[in-house]
Amino acid sequence: MPLYVTCANRRTIALPELLASRDARQTRQQQWQTTYATPLISFTTVAPGPIKDSELSRRIFNHGIRSLRQMLAASGWQIVHQRCFGLATGAEGLLAVDAPALALKQACIALEQHHPLGRLWDIDVFMPQGELLTRQALAHPPRRCLLCERDARLCARERAHSVNELLNHMERLLHDAENAPQR
Ligand SMILES: [Zn+2]
């Protein structure tokens, strides 16, 4: 299930390709919803800059998939179907899970908030009918920026931080997480 880190594509991705990849992801999500009719986890990682599939982002992705699977197993929720896509536009994971959607979303938010790498993960949860559960719907505040205390969307819109600053910070988080005592 984890992606091979050394197979990362490392190609520069321009906006049209990124937008097309979002459409393709949405189509895939809808197909899975039709096929499995369960809540769906769509997992991607934060990837600032034009290179979306790197060894760094694959490592962060693999940690996330592992943590998601551990959380699901610990909760007794069964994975009906799962797949990882090593795309040049960024790794994506899809997991159809037999679980109550709201509790599943809460558990995913808890992972994003409490795991040392959680801030680098985007864990979307869809209802069986296809509706995306938002943090706001569950009364969680929007996510903070990686580097400062502001709303992440503001810093992204204003490009408040350089890509290098963001990537360096991500490298540091990954290094700390991989060298911390076993959780
Ligand atoms: Zn910021």
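Quick note: residue numbers are just sequence positions, from 1. Each ligand, and each atom within it, is numbered from 1 in the order the structure gives.
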Of R10, R59, R58, which is the lone residue that meets salt bridge (charged side-chain N to carboxylate O under 4.0 Å, His left out) with D53? R58
Please report the shortest heavy-atom distance between A101 and P128, naming the atom on each side. CB-CD, 4.4 Å
With no hydrogens and no angle check, is any side-chain donor or acceptor of R143 less than 3.5 Å from a backbone partner on A152? no
Quiz question: by atom type and distance under 3.5 Å, do the side chains of S42 and Q29 form a donor-acceptor pair? yes
Leaving waters out, which protein N, O or S atoms fall under 2.8 Å from the Zn ion (ligand 1)? C145 SG, C148 SG, C155 SG, H161 NE2
Pair R25, T44 - check side-chain contact (heavy atoms from CB on, under 4.5 Å), show working. CA-CA 11 Å; R25 182 159 71 233; T44 57; 3.9 Å; yes
Against the six-membered ring of F85, is R28 placed for a cation-pi contact (under 6.0 Å from the centre, within 45° of the normal)? yes
